[in-house]
Protein chains: 2
Amino acid sequence: MTAPSETIAERLYRYFDALTRAERQLADLILENYPVSGLGSITTVAENAGVSTPTVARMVQKLGYTGFPEFQAELRRELEAKISDPIAKRDSWAEKAPDGHILNRFTDAVIGNIRQSLAQLETETFDQSCRLLAAPQRAVYIVGGRITRALADYFFLHMQVIRSGVTHIQSNSNTWPHYLLDVREGDVLVIFDVRRYENSTLKLAEMGARQGAKIILFTDQWRSPVSKYADHCLSSRIIVPSAWDSSVVTLLFLETVIAAVQELMWDETRLRMEALEDMFDQTRMFRKFT
Amino acid sequence: MTAPSETIAERLYRYFDALTRAERQLADLILENYPVSGLGSITTVAENAGVSTPTVARMVQKLGYTGFPEFQAELRRELEAKISDPIAKRDSWAEKAPDGHILNRFTDAVIGNIRQSLAQLETETFDQSCRLLAAPQRAVYIVGGRITRALADYFFLHMQVIRSGVTHIQSNSNTWPHYLLDVREGDVLVIFDVRRYENSTLKLAEMGARQGAKIILFTDQWRSPVSKYADHCLSSRIIVPSAWDSSVVTLLFLETVIAAVQELMWDETRLRMEALEDMFDQTRMFRKFT
DNA sequence: TTTTTTTTGAAGATATTTCTTCACTCCACA
DNA sequence: TGTGGAGTGAAGAAATATCTTCAAAAAAAA
């Protein structure tokens, strides 16, 4: 009848490639809050996923069930097993990996980093940084270091779409002075500097500060020396079980800033965003409405 | 309408004395494997409890619901709350920020993404990817897309230190064919492709596969079409309350891969890292302490 | 571009579930 | 041993859910 060893979630992933766009959208919903979101009536499930009931019926048949009721019965059986399992363990992230696996250890550390970094962050620091970045009359300069250049680049890519007047000062460039010529009082300098802190970055911060630039610094928990020039400093914990430091929390901050600035600038950004929407439309992954 | 603070279980206990014999029998069943046993059709529930359907209908009305469907909907809501991850449901991450602040909403979403992405990841996929990347005789080629180029760059920066034979194929380059000339059977092609998926990336994957390259794909939950050529596919959830998608989970995977490969290759890597430290010392590029 | 194939949801047909009615059973009490 | 009220479930009515069909829309191919 049904393979007892394979969960519906696994089956969904296995068949994912064979599913159509609407069906993937549905599969996504079911997996998102698994398995509860699959428990309503076929109508409810379809509505929540934004697809039609025939799509639901078709998909469960593709998955090998004779119909929606059978599919749902299987879902309930799974749920029952999951609920009644005394060792319902949430202590490991990758459930399929052994306990001491690097995936679990690493993720543990990252979650801890996120929690601690956020607990320390002052909301005002964050909000004010966003406001600075959302001021259209202020030019924005972004600069990273050896490793952080990837983060700087990521930030630049997004800000460039959101607003005008954004410049990425390439880290290896010896043309810094040229860029700095253009920096005016009140412009915003976004600096990335984590250990090991770079001398050239410090110099740049100093010069920028002297020109009257507002400095927003993304750094680690020990804070780069740049912080003495910085108006706002967002520091992230970066320790993980690795020979390298983690940039996950910094990226999280970065993305949150992007989301917030986007929202603040919505009026000015709308046209730019509509162009972006068009681009998303081209993915044809999602229907435009509902 | 329904008291949100009281669970159905509590309500059952509270009304228990007012219930008749058949109704108690039913209540017992529902409480026995709560709340899953209440999720079938009214007929199923009645049968399992050994009572008739009218008994079920009468009891839920005694409990204050307009009918069985409403009762069941409430049961599902409870279940949802119970199932969803307690860690993800932390009240607030940035404790100093108000509840609905973007910092908290964003972080909630990211934690959820991490949890779900890891739950779905097969350990074998991860381990085998790491082993491929840690094989010194295999050259490694890394390629990103419009947004993911920053991630590709980040990965490249680290892998370059860890081992030799690593190449970053710049995404905007029209020299792809040149790089592909060098790709030999068994080499590793690391591809980043999240929505919107890029045609050029797909082409590259196809060509690489034809040359016999092993393909490791970092993609999103919907999986880039590249996945049909990929030997290993690491997919991350990327949805956040933002006009943009999140790369946090992908970065987490990336860093974990880096940590694992580093460990696997430690013998070869140690010398490289020491040499690198020496070079940095000589250039005085970094501040020596703190 | 145009043509062909695939995918999709509206609408209706069918099946199932849910609810209501009502006759029967059970039990307390006279 | 009767009597009445509460409890119960069989059976059918009403409401929903599920499935199927088919034409339009979208994607892929030519």
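Below, chain A is the first sequence line, B the second, and so on; all start at residue 1.
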Next item on the list: Write down the distance between CZ (A:Arg58) and C1' (D:dC22), rounded to a whole number of angstrom.
Entry: 11 Å
Item checked: Base paired to D:dA30 (Watson-Crick or G-U; both N/O distances under 3.5 angstrom) -> C:dT1
Notebook entry, point to check: For B:Arg14, does the CZ atom sit with more than 12 other heavy atoms under 6.0 Å from it, leaving out its own atoms?
Noted result: yes
Check: So with a 6.0 Å cut-off around CD of B:Glu78, is the heavy-atom count from everything else above 12?
Finding: yes
Notebook entry, point to check: Parallel, tilted or perpendicular: which fits the ring planes of B:Trp244 and A:His158, with parallel below 30° and perpendicular above 60°?
Noted result: perpendicular
Notebook entry, point to check: A:Ala22 has a side chain; which of D:dG9, C:dT18, C:dG9 sits nearest to it?
Noted result: C:dG9
Next item on the list: Nearest whole angstrom, please: distance from the P of D:dA17 to the CZ of B:Phe68.
Entry: 13 Å
Check: B:Gln72 near the nucleic acid: base, sugar-phosphate alone, or nothing, with a heavy-atom cut-off under 4.0 Å?
Finding: nothing
Notebook entry, point to check: Just to confirm, is there a sub-4.0 Å distance from OP1 or OP2 of C:dG9 to any side-chain nitrogen or oxygen of A:Thr55?
Noted result: yes
Next item on the list: Taking the side chain as every heavy atom from C-beta outward, state whether A:Val45 and A:Ser37 have any pair of such atoms under 4.5 Å apart.
Entry: no
Notebook entry, point to check: Hey, does the side chain of A:Thr53 come within less than 4.0 Å of D:dA17's phosphate (OP1/OP2), counting only N and O?
Noted result: no
Note to self: I need the CD-C1' distance between B:Glu70 and C:dT18, as an integer number of Å.
What the structure shows: 14 Å
Note to self: Need one value for B:Gln61: base, sugar-phosphate or nothing, where a base atom within 4.0 Å counts as base even if backbone is also close, heavy atoms only.
What the structure shows: sugar-phosphate
Item checked: Proximity to the side chain of A:Pro54 - top-ranked nucleotide from C:dA10, D:dC19, D:dT8 -> C:dA10
